[in-house]
Amino acid sequence: MSAILARAGATAAGGLRSGGDVRRRRNMVAIVAATTTTGAGPAVPKEGSLERPAWSGETPLSRLVGALIAFKPLYSLMKLASREVIIRTAEKSNVPWRELTKQVLESDVYEVFDRIRDLNLVYPDYYLNPFHAYDEGNLSWLAAAEAEPATMSIAKRAIPDAGSIEEANQIVRGNWLNAIEEHHLKYSGNCQINDILDIGCSVGVSTRYLAEKFPSARTVGLDLSPYFLAVAAHKEEKLSRQNPIRWVHANGEATGLPSNSFDLVSLAYVCHECPARAITGLVNEAFRLLRPGGTIALTDNSELSPVLFTLMKSTEPFLDEYYMLDLEETMRQAGFVNVHSILTDPRHRTVTATVPF
């Protein structure tokens, strides 16, 4: 395990330190995090430049990919190719993609759907776009059934030397949870984490990790997709918790939840799927929902290789907007203080901040 963690840290530090002129550098530059190898949890990569990829935005590669996507017949081929690559790569990493998908689709998850769906919810326009090679985006059973194996693949791609999916998840999720806990302990003024909101919770993978990390807290998972939430709730019904997770079908930009009602708001792998205006809305809503001393934690993509960027852009319509937005400054403008970014694995960064007292 220690050897894997060392290589993960070296990849993050070396790969993200290299290149990039000053004009491409984010306002929030490298943050150095202590490496923990004492058994308290997985190690955190030591340092990274946290720059946006050189090929995002108005660059020749980005414009070329955009032009290819605009040509519908070619876009359809790119989308199918991207999907096949994702599934094949997952199964080569021992992620049982088709088996897990079949289990969901052949379960009684459909009975949960009607209980959890808010028929009055109006979806924002950007959410009706195709995502992840699904024409219906996140509003489909296939997208919901494949969400968990896709999440497993993310962890394995981030930590390719891990001996198993479980080990990769332990590193990726463990680093993320440690970053949240350390930030809250440092800046919250001894406020306890009693109430957690996981915005964009998908099928509840991140929500369950949060509930397990903070078992005495009341945890809410919120998402725009009733299909995802039905899968999350169906999985949760089989578990026993001190505080069962509550699932809410709502828009993360306007949740309808009371102000000052949470100590931690998390957005895990959400922002890269949103246009800049929606990211700003999510950050502003999180600020409203958090109590003084509360913590926001956003984890998402750091830098991508040109090949992966091209593949993702064909199925992620707002990827450029995510990379072009100064997320740290957006959080400051919303009112957050103590804004910090660290690489929590070689492919993902976690940005944490605090609501002032």
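What you see is a predicted model, and the numbers here were worked out from it, not measured in a lab.
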Working note: Glu91 + Lys156, criterion salt bridge (Lys or Arg N to Asp or Glu O under 4.0 Å); need CA distance, chi angles, decisive distance, verdict. CA-CA 11 Å; Glu91 294 189 331; Lys156 193 63 170 69; over 6 Å; no

Within the structure provided, determine whether Leu282 and Cys274 are in side-chain contact (heavy-atom separation under 4.5 Å). yes

Any idea how Trp141 and Tyr227 line up, ring-wise: parallel (<30°), tilted (30 to 60°), or perpendicular (>60°)? perpendicular

Leu197 side chain near Leu257 side chain, heavy-atom distance below 4.5 Å: yes

dist Ile342:CD1 -> Asn175:CG (nearest 0.5 Å) comes out at 7.5 Å

Just do the side-chain contact (heavy atoms from CB on, under 4.5 Å) check on Asp300 and Arg349 with the steps written out, would you? CA-CA 6 Å; Asp300 219 308; Arg349 63 177 178 143; 5.6 Å; no

Quick check for you: to the nearest 0.5 Å, what is the distance between Glu253 atom CD and Asn284 atom CG? 9.5 Å

When rounded to the nearest 0.5 Å, the distance separating OG of Ser206 from CH2 of Trp176 is 5.0 Å

Keeping Asp263 on the side-chain end and Asp195 on the backbone end, is there a donor-acceptor pair under 3.5 Å? yes

Going by heavy atoms in the side chains, are Leu264 and Leu210 under 4.5 Å from each other? yes

Do you know the tightest heavy-atom contact between Ile180 and Ala297? CG1-CB, 3.5 Å

Can you tell me which residue among His183, His340, His184 is in a side-chain hydrogen bond (donor to acceptor under 3.5 Å, both in side chains) with Thr354? His183

Tell me, do Arg88 and Trp97 make a side-chain contact under 4.5 Å, heavy atoms counted? no

side-chain contact (heavy atoms from CB on, under 4.5 Å) evaluation trace for Tyr134 with Leu139: CA-CA 9 Å; Tyr134 306 109; Leu139 297 173; over 6 Å; no

Could you tell me whether the side chain of Glu236 and the main chain of Ala232 form a donor-acceptor pair under 3.5 Å? no

Between Ala233 and Ile116 the two heavy atoms that sit nearest each other are CB-CD1, 3.8 Å

Would you name the heavy atoms of Ser302 and Tyr323 that are closest together and state the gap between them? O-OH, 2.7 Å

Is Thr101 close to Pro149 at the side-chain level, that is, under 4.5 Å between some pair of heavy atoms? yes

Aromatic plane relationship, His249 with Tyr123 - under 30° parallel, 30 to 60° tilted, over 60° perpendicular: tilted

Would you find a donor on one side and an acceptor on the other, under 3.5 Å apart, between the side chain of Tyr209 and the backbone of Gly174? no

Smallest separation among heavy atoms of Gly252 and Thr255, with atom names: O-CG2, 3.7 Å

Any chance you could measure Thr344, atom OG1, to Arg173, atom CZ, to the nearest 0.5 Å? 10.0 Å

Checking Asn194 side chain against Ala217 main chain: does a donor-acceptor pair fall under 3.5 Å? no

Those residues that, when tested against Ala211, pass side chain to side chain contact (heavy atoms under 4.5 Å, CB included) (two or more places apart): Thr219, Arg241, Ile245

What do you reckon, is CD of Gln192 surrounded by more than 12 foreign heavy atoms closer than 6.0 Å? no

Report yes if some heavy atom in the side chain of Glu111 is under 4.5 Å from a heavy atom in the side chain of Asp108; otherwise report no. yes

Distance col, row Asn129:CG vs Glu316:CD, nearest 0.5 angstrom, shows 11.0 Å

Regarding Arg277 and Glu321, does a basic nitrogen lie under 4.0 Å from an acidic carboxylate oxygen? no

Across all chains, not counting sequence neighbours, the salt bridge (charged side-chain N to carboxylate O under 4.0 Å, His left out) partners of Arg246 are none

Answer whether the closest heavy-atom distance between the side chains of Val205 and Met152 falls below 4.5 Å. no

For Gly221 and Cys201 the tightest heavy-atom approach is C-SG, 3.5 Å

Output for pair (Ile199 CD1, Asp223 CG), nearest 0.5 Å, gives 10.5 Å

Donor-acceptor pair, side chain of Arg291 and main chain of Ser261, under 3.5 angstrom: yes

Decide side-chain contact (heavy atoms from CB on, under 4.5 Å) for Glu273 and Tyr126; before the verdict, give the C-alpha distance in whole Å, the side-chain angles of both, and the deciding distance to 0.1 Å. CA-CA 9 Å; Glu273 296 186 357; Tyr126 73 85; over 6 Å; no

Where the side chain of Asn243 meets the backbone of Ser216, is there a donor-acceptor pair that is under 3.5 Å apart? yes

Please name the pair of heavy atoms, one in Pro258 and one in Leu289, separated by the smallest distance, quoted to 0.1 Å. O-CD2, 3.4 Å

Validation row: Thr295, Leu290 side chains within 4.5 angstrom (heavy atoms): no

One pair to check against side-chain contact (heavy atoms from CB on, under 4.5 Å): Leu298 and Thr350. What are the steps and the verdict? CA-CA 6 Å; Leu298 295 88; Thr350 297; over 6 Å; no

